Colleague: 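This is the structure I have questions about; it appears just below.
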Amino acid sequence: MKSIQIQGSLRAETGKKATKDLRKNASIPCVLYGSQKDENGNQIATHFSVTVDGIRKLVYTPHIYVVDLNIDGKIVNAVMKDIQFHPVTDAILHIDFYQIDEAKPIVMEVPVQLEGLAEGVKAGGKLVLQMRKLKVKALYNMIPERMVINVSNLGLGKTIKVGELSYEGLEIMNAKDAVVCAVKLTRAARGAQAAANK
């Protein structure tokens, strides 16, 4: 997995007014959840902010990254866990990060990449990717940049489901019967099939 450096600043105040002021100044409120817990068993959270420009490369990309978070000089390895956008303007409202513990698995969404020319496409079908990302659980250094799926043997009208996939060191969290990709019949393929059956 690629890594990206992001600068953050600790937040002195976390109320609504402070959050509004942050956003006015082109900054985004963030929370880093650590693997450590307090005496009540709650995850210890660090409240900080990043600039909109500083986070752009992490958010608007098809890639996934390990984030080297530099919060006022303290560097922490983390992954982006959750992001909230404004429903109308699409502005980033809030980002949650999760600190990486090398001994504990994390859950991440990894982009799917199809490779090979499907048999069904050669026969006139259309290859459709129905799940652009898969949710996987693994130690962070085992998580690939992409989930590569070979579709060479995929025939007309056939699908590849989550339950048919397996990768070493990874647990796929999506429903087993969810369809990842399919070769759909096109009109031309239906016509050719009908002609072949006559």
Side-chain angles (χ1 to χ4, degrees), residues 1-8 28-38 40-48 50 54-71 74-85 92-118 127-154 158-183:
M1 231 191 316
K2 295 186 180 85
S3 66
I4 189 170
Q5 285 194 326
I6 288 175
Q7 297 286 334
I28 301 160
C30 302
V31 178
L32 170 69
Y33 293 97
S35 48
Q36 295 169 317
K37 298 192 173 176
D38 62 18
N40 299 322
N42 300 315
Q43 279 180 325
I44 294 173
T46 304
H47 294 267
F48 67 103
V50 295
I55 205 85
R56 209 178 289 279
K57 280 185 182 167
L58 174 66
V59 175
Y60 303 107
T61 175
H63 305 295
I64 55 172
Y65 290 100
V66 169
V67 180
D68 295 332
L69 264 182
N70 184 336
I71 305 173
K74 185 186 173 190
I75 296 173
V76 174
N77 276 353
V79 288
M80 187 166 70
K81 195 77 179 147
D82 192 32
I83 185 165
Q84 290 171 10
F85 292 95
I92 302 166
L93 294 178
H94 183 90
I95 303 175
D96 284 341
F97 291 91
Y98 188 77
Q99 187 174 350
I100 291 169
D101 180 333
E102 293 188 12
K104 288 183 182 172
I106 57 171
V107 175
M108 277 192 90
E109 288 200 324
V110 181
V112 171
Q113 180 183 324
L114 304 180
E115 69 171 22
L117 180 60
L127 182 63
V128 180
L129 177 61
Q130 294 190 264
M131 294 178 76
R132 295 194 175 278
K133 290 184 175 179
L134 289 171
K135 193 179 272 192
V136 302
K137 183 178 183 181
L139 294 173
Y140 95 96
N141 55 3
M142 293 292 290
I143 294 178
E145 288 185 19
R146 289 179 184 82
M147 306 287 281
V148 177
I149 300 171
N150 191 304
V151 295
S152 303
N153 298 324
L154 198 59
K158 300 293 180 192
T159 63
I160 292 177
K161 294 183 178 179
V162 169
E164 297 166 50
L165 303 172
S166 73
Y167 298 86
E168 195 180 337
L170 295 181
E171 181 187 345
I172 303 176
M173 309 293 284
N174 305 81
K176 296 268 185 277
D177 58 352
V179 173
V180 180
C181 60
V183 175

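Nothing fancy with the numbering, it's 1 onward along the sequence. As the structure is a computational prediction, the values presented were derived from the model and not from experiment.
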Colleague: How long is the gap from CG on L32 to NZ on K74, to the nearest 0.5 Å?
Modeller: 8.0 Å
Colleague: Can you see which heavy atom on V151 is nearest to which on G116, and at what distance?
Modeller: CG2-O, 3.5 Å
Colleague: Should M147 and K133 be marked as a side-chain contact (heavy atoms from CB on, under 4.5 Å) after you check the CA-CA gap, both sets of side-chain angles, and the distance that decides it?
Modeller: CA-CA 8 Å; M147 306 287 281; K133 290 184 175 179; over 6 Å; no
Colleague: Minimum heavy-atom separation for L139 to K104, with atom names?
Modeller: CD2-C, 3.6 Å
Colleague: Could you please spell out the steps behind the side-chain contact (heavy atoms from CB on, under 4.5 Å) verdict for Q5 and N70?
Modeller: CA-CA 7 Å; Q5 285 194 326; N70 184 336; over 6 Å; no
Colleague: Under the rule for ring pair (Phe, Tyr, Trp, His ring centres under 6.0 Å), what residues qualify as partners of F48, not counting sequence neighbours?
Modeller: F97
Colleague: Do V180 and N174 touch side chain to side chain, with heavy atoms closer than 4.5 Å?
Modeller: no
Colleague: So which heavy atom on V136 is nearest to which on M173, and how close?
Modeller: C-CG, 4.2 Å
Colleague: Would you indicate whether the side-chain heavy atoms of I149 and Y167 approach each other to under 4.5 Å?
Modeller: yes
Colleague: If the condition is salt bridge (charged side-chain N to carboxylate O under 4.0 Å, His left out), which residues does E145 pass it with, not counting sequence neighbours?
Modeller: K2
Colleague: Where is the tightest heavy-atom contact between G169 and M142, given as atom of each residue plus distance?
Modeller: CA-CE, 3.8 Å
Colleague: Do L58 and V50 make a side-chain contact, defined as non-hydrogen atoms from C-beta onward lying under 4.5 Å apart?
Modeller: no
Colleague: How many angstroms lie between CG in L114 and CG in L129, if you round to the nearest 0.5 Å?
Modeller: 5.0 Å
Colleague: Do M131 and V162 have side chains that approach each other closer than 4.5 Å (heavy atoms only, starting at C-beta)?
Modeller: yes
Colleague: Assess the residue pair H94 and D96 against the criterion (side-chain contact (heavy atoms from CB on, under 4.5 Å)); give the C-alpha distance rounded to whole Å, side-chain angles, the decisive distance to 0.1 Å, and a yes or no.
Modeller: CA-CA 7 Å; H94 183 90; D96 284 341; 2.8 Å; yes
Colleague: Could you give the distance from NZ (K137) to CD1 (I143), rounded to the nearest 0.5 Å?
Modeller: 11.0 Å
Colleague: Can you tell me how far apart SG (C30) and CD1 (I83) are? Round to the nearest 0.5 Å.
Modeller: 8.5 Å
Colleague: Going by heavy atoms in the side chains, are Y33 and K81 under 4.5 Å from each other?
Modeller: no
Colleague: Please name all residues satisfying side chain to side chain contact (heavy atoms under 4.5 Å, CB included) with L117, sequence neighbours left out, ordered by chain then number.
Modeller: V121, K122
Colleague: State, to 0.1 Å, how close P62 and P111 come at their nearest heavy-atom pair, and which atoms those are.
Modeller: O-CG, 3.2 Å
Colleague: I want to check something: taking the side chain as every heavy atom from C-beta on, are V66 and Y140 in contact at a cut-off of under 4.5 Å?
Modeller: yes
Colleague: Run the side-chain contact (heavy atoms from CB on, under 4.5 Å) test on I92 and F85 for me, step by step, so that the C-alpha distance in whole Å, both residues' side-chain angles and the decisive distance to 0.1 Å come before the verdict.
Modeller: CA-CA 4 Å; I92 302 166; F85 292 95; 3.6 Å; yes
Colleague: Which heavy atom of I64 sits nearest a heavy atom of P144, and at what distance?
Modeller: CD1-O, 3.4 Å
Colleague: Measuring only between side-chain heavy atoms, which start at C-beta, is L154 closer than 4.5 Å to L127?
Modeller: yes
Colleague: For E102, look at atom CD and say whether over 12 heavy atoms of other residues, nucleotides or ligands are found less than 6.0 Å away.
Modeller: no
Colleague: Rounded to the nearest 0.5 Å, what separation is found between the CD1 atom of I172 and the NZ atom of K135?
Modeller: 13.0 Å
Colleague: Donor-acceptor pair, T159 side chain versus K161 backbone, under 3.5 Å?
Modeller: no
Colleague: Does some side-chain heavy atom of V110 sit less than 4.5 Å from a side-chain heavy atom of L170?
Modeller: no
Colleague: From T46 OG1 over to L69 CG, what is the distance, rounded to the nearest 0.5 angstrom?
Modeller: 9.5 Å
